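One structure is given here, and the rest of the page talks about it.
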Amino acid sequence: MSAKIRYEDVETGTELPAQSFPVSRATLVQYAGASGDFNPIHWNEKFAKEVGLPDVIAHGMFTMAAAIRVVTDWVGDPAAVVEYGVRFTKPVVVPDDETGALVEVSAKVAAKLDDEARTVRVDLTAMSAGQKVLGMARAVVALA
């Protein structure tokens with residue numbers, strides 16, 4: 001695979017297609033099994049509340065992975081992501097109901113970094129329940 005987006009076709013300020021990612025308790029159980037992270041704050045409501053959380057929360061790495069999908073879907077190749085980092089600012093609270101939570105992600109090209117390497121910096125915004133859940137979410141992406 002290789003990036004499908006050409007460096008020449010992108011400008012600072014280019015917006016990537018926004019996406020929303022539903023998160024249910026079942027999603028958290030599946031992620032726990034895949035990742036091996038069985039911390040009870042991610043599945044046990046009683047425990048989560050005992051340690052001061054409002055309810056069960058999504059795994060931070062799950063939230064981070066969901067957010068970068070906006071970039072990988074846009075560029076067409078997950079291997080095009082050269083660098084990615086975030087700060088976890090608020091938890092994604094996942095109630096035990098038919099709705100669960102929703103992580104809404106938008107992104108835009110913040111800078112063209114290197115003409116020779118054909119890299120850009122993409123800044124992401126991830127929101128859930130009206131709160132920013134990731135801060136300083138940035139990816140460096142190599143384009144075609």
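As a basis for the values below, the full set of heavy atoms in this structure was taken, side chains included, without hydrogen atoms, waters or symmetry mates. Note that the structure is predicted; figures quoted are calculated from it, not measured.
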Does the side chain of Val56 reach to within under 4.5 Å of the side chain of Asp96, using non-hydrogen atoms?
no

On a heavy-atom basis, which atom in Val94 and which in Ala58 lie closest, and how many Å separate them?
CG2-N, 4.0 Å

side-chain contact (heavy atoms from CB on, under 4.5 Å), paired with Val71, selected from Val122, Val140, Val105:
Val122

Side-chain heavy atoms nearer than 4.5 Å, only ILVMFWY residues, links allowed to pass through others: does that put Val10 and Val81 together?
yes

Hydrophobic cluster identity match, Met136 and Ile68, side-chain contacts under 4.5 Å:
no

Measure the shortest side-chain to side-chain distance between Leu16 and Val109 over non-hydrogen atoms and say whether it is less than 4.5 angstrom.
yes

So which pairs with a foot in residues 60-87 pass side-chain hydrogen bond (donor to acceptor under 3.5 Å, both in side chains), sequence neighbours left out?
Gln19-Asp73

To check you understand the geometry: which heavy-atom pair defines the closest contact between Ala3 and Ala144, and what is its length?
O-CB, 3.4 Å

For Trp43 and Leu28, indicate whether the former's side chain and the latter's backbone hold a donor-acceptor pair under 3.5 Å.
no

So how far is it from Leu124 CG to Lys108 NZ, rounded to the nearest 0.5 Å?
11.5 Å

Has Lys90 got a side-chain atom pairing as donor or acceptor with Ser128's backbone, closer than 3.5 angstrom?
no

Count I, L, V, M, F, W, Y as connected when their side-chain heavy atoms are under 4.5 Å apart, and connections chain through other members. Are Val86 and Met61 then in the same cluster?
yes

To the nearest 0.5 Å, how far apart are CG in Asn39 and CG in Asn44?
10.0 Å

Shortest non-hydrogen contact from Phe38 to Gly33?
CZ-CA, 3.7 Å

For residues Phe21 and Val70, determine if any side-chain heavy atom of one lies less than 4.5 Å from a side-chain heavy atom of the other.
yes

Within a strict 4.5 Å, meaning less than it, do heavy atoms of the Arg118 and Glu8 side chains meet?
yes

Decide yes or no for Arg25 and Asp55: does some side-chain heavy atom of the first lie under 4.5 Å from some side-chain heavy atom of the second?
yes

If only atom types and distance count, is the side chain of Thr89 paired as donor or acceptor with the main-chain N or O of Lys132 below 3.5 Å?
yes

Main chain of Tyr31, side chain of His59: is a donor-acceptor contact present, judged purely on distance under 3.5 Å?
no

Just wondering, do His42 and Ile57 contact through their side chains at under 4.5 Å, heavy atoms?
yes

According to a hydrophobic-cluster definition based on side-chain heavy atoms being under 4.5 Å apart (Ile, Leu, Val, Met, Phe, Trp, Tyr only), do Ile41 and Val133 belong together?
no

Minimal non-hydrogen separation, Leu134 against Ala137, with atom names
CB-CB, 4.3 Å

Write down the atom of Val103, the atom of Ala126, and the distance for their closest heavy-atom approach.
CG1-CB, 4.5 Å

Heavy-atom side-chain contact between Phe62 and Val23 under 4.5 Å
yes

Contacts of Asp97 meeting salt bridge (Lys or Arg N to Asp or Glu O under 4.0 Å) (sequence neighbours excluded), chain-then-number -> none

Rounded to the nearest 0.5 Å, what separation is found between the CD atom of Glu50 and the CG atom of Leu53?
11.0 Å

Applying side-chain contact (heavy atoms from CB on, under 4.5 Å) to Val92 and Leu102, what does each step give before you reach the verdict?
CA-CA 8 Å; Val92 175; Leu102 192 64; over 6 Å; no

Evaluate whether atom NZ of Lys112 has more than 12 neighbouring non-hydrogen atoms of other residues, nucleotides or ligands under 6.0 angstrom away.
yes

